[in-house]
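Along the sequence shown, residues are numbered consecutively beginning with 1.
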Amino acid sequence: MSDYHQPGYGPYTGGPQQPYGPPQQGWQQATPPVDHGNAYGYGYGYTYGTPPPAPSTSAAMWSHLGALLTITAGTAMCCGLGAFLGWIFPMSIRGNERHRHDPYVRHHATQALNFGITQAVMAALGVLLYFVSAVIFATAATETQRNGAGLAVPLLTVIGIMAAYGIAGMVCAVIGTVKATRGELWTYPRLIAWPLSKG
């Protein structure tokens with residue numbers, strides 16, 4: 001004996017069972033319910049759509065690291081020329097067609113570009129200040145001052161200021177590289193990277 005012939009069940013009619021409640025329109029069935037699990041629209045119970053893509057951390061990291069390596073290694077190998085060229089690598093990443101519409105990479109590349117441009121301007125100012133202070137001292141000093149170690153004081157002062165500024169810039173570039181690798185945003189201090197280029 002089947003379950004339909006048990007007491008409490010009605011007779012089996014043989015047709016498909018009708019859904020409970022009023023019949024629904026086609027457009028109401030096609031609209032999925034909204035999941036308010038978290039800010040991204042996917043979460044605790046069911047998922048609709050795809051999660052947002054992970055940020056492009058490698059390109060963002062290379063924008064900072066490329067500027068840092070160009071400035072440090074280029075300066076060490078080629079008589080200080082690297083300090084003037086630190087903006088080239090971030091600009092190439094930012095202008096790349098693949099990264100042009102990625103806001104995460106554009107942010108980091110713009111920050112590294114501003115860092116490279118600022119370092120180039122400061123290197124030019126440092127060289128200019130070095131030679132101007134040498135010329136001023138040579139013209140204003142007396143014969144005994146020229147023969148003494150007096151010229152070394154302003155020149156060493158300029159070198160010390162520029163070295164401290166360069167080390168601070170390297171530390172900030174390392175922080176930017178680490179933050180870009182972790183998927184975090186990073187903005188250089190205004191003294192190290194003037195906001196010349198906007199994202």
Side-chain angles (χ1 to χ4, degrees), residues 55-96 99 103-199:
S56 306
T57 56
S58 62
M61 180 264 305
W62 274 108
S63 62
H64 294 285
L65 192 59
L68 178 64
L69 290 176
T70 303
I71 291 171
T72 55
T75 300
M77 290 191 301
C78 193
C79 307
L81 187 61
F84 298 98
L85 304 176
W87 52 272
I88 294 175
F89 199 90
M91 188 174 76
S92 66
I93 288 179
R94 184 179 160 197
N96 189 338
H99 306 304
Y104 182 75
V105 174
R106 281 191 62 80
H107 170 79
H108 279 284
T110 301
Q111 290 298 314
L113 176 65
N114 288 335
F115 167 70
I117 292 171
T118 305
Q119 295 301 308
V121 170
M122 291 304 290
L125 288 176
V127 169
L128 182 68
L129 186 60
Y130 182 84
F131 285 115
V132 166
S133 62
V135 169
I136 289 174
F137 183 80
T139 56
T142 63
E143 191 63 36
T144 57
Q145 290 174 331
R146 285 190 200 125
N147 293 335
L151 179 60
V153 173
L155 297 183
L156 288 177
T157 303
V158 171
I159 290 172
I161 291 171
M162 295 313 295
Y165 185 82
I167 290 171
M170 285 187 259
V171 169
C172 289
V174 168
I175 292 171
T177 303
V178 171
K179 292 220 179 238
T181 305
R182 292 179 181 169
E184 302 171 5
L185 295 178
W186 164 252
T187 302
Y188 284 88
R190 286 186 180 262
L191 181 63
I192 302 298
W194 303 328
L196 302 171
S197 176
K198 305 293 182 186

Specify the closest pair of heavy atoms between [X] and [Y], including all atoms of both residues, with the distance to one decimal.
X: T72; Y: M170; value: CG2-SD, 3.2 Å
X: I71; Y: G86; value: CG1-CA, 3.7 Å
X: A168; Y: I192; value: CB-CD1, 4.0 Å
X: F89; Y: W62; value: CE2-O, 3.2 Å
X: P90; Y: A67; value: CG-CB, 3.8 Å
X: Y104; Y: A60; value: CE2-CB, 3.6 Å

Side chains of [X] and [Y]: does their closest heavy-atom pair fall under 4.5 Å?
X: W194; Y: I117; result: no
X: W186; Y: V178; result: no
X: T181; Y: T57; result: no
X: T70; Y: I88; result: no
X: K179; Y: L185; result: no
X: M162; Y: V127; result: no
X: L68; Y: V174; result: yes
X: V105; Y: S63; result: no

Just verifying a value: how many Å separate [X] [atom1] and [Y] [atom2], rounded to the nearest 0.5 Å?
X: I159; Y: S133; atom1: CD1; atom2: OG; value: 9.0 Å
X: Q111; Y: R94; atom1: CD; atom2: CZ; value: 10.5 Å
X: E184; Y: I175; atom1: CD; atom2: CD1; value: 11.5 Å
X: T110; Y: Y188; atom1: OG1; atom2: OH; value: 11.5 Å
X: S197; Y: L113; atom1: OG; atom2: CG; value: 5.0 Å
X: T177; Y: L69; atom1: OG1; atom2: CG; value: 8.0 Å

Worksheet entry | Ring geometry between H108 and H64 (parallel below 30°, tilted from 30 to 60°, perpendicular above 60°) | perpendicular
Practice prompt. Indicate yes or no for a side-chain donor-acceptor contact from Y130 to the backbone of L125 under 3.5 Å, with no hydrogens or angles considered.
Written response: no
Worksheet item: Where do W87 and Q119 land on the side chain to side chain contact (heavy atoms under 4.5 Å, CB included) test, with the steps shown first?
Response: CA-CA 9 Å; W87 52 272; Q119 295 301 308; over 6 Å; no
Discussion item. Could you walk me through whether F131 and I136 satisfy the side chain to side chain contact (heavy atoms under 4.5 Å, CB included) test, starting with their C-alpha distance in whole Å, then the side-chain angles of each, then the deciding distance to 0.1 Å, before giving a yes or no?
Written reply: CA-CA 9 Å; F131 285 115; I136 289 174; over 6 Å; no
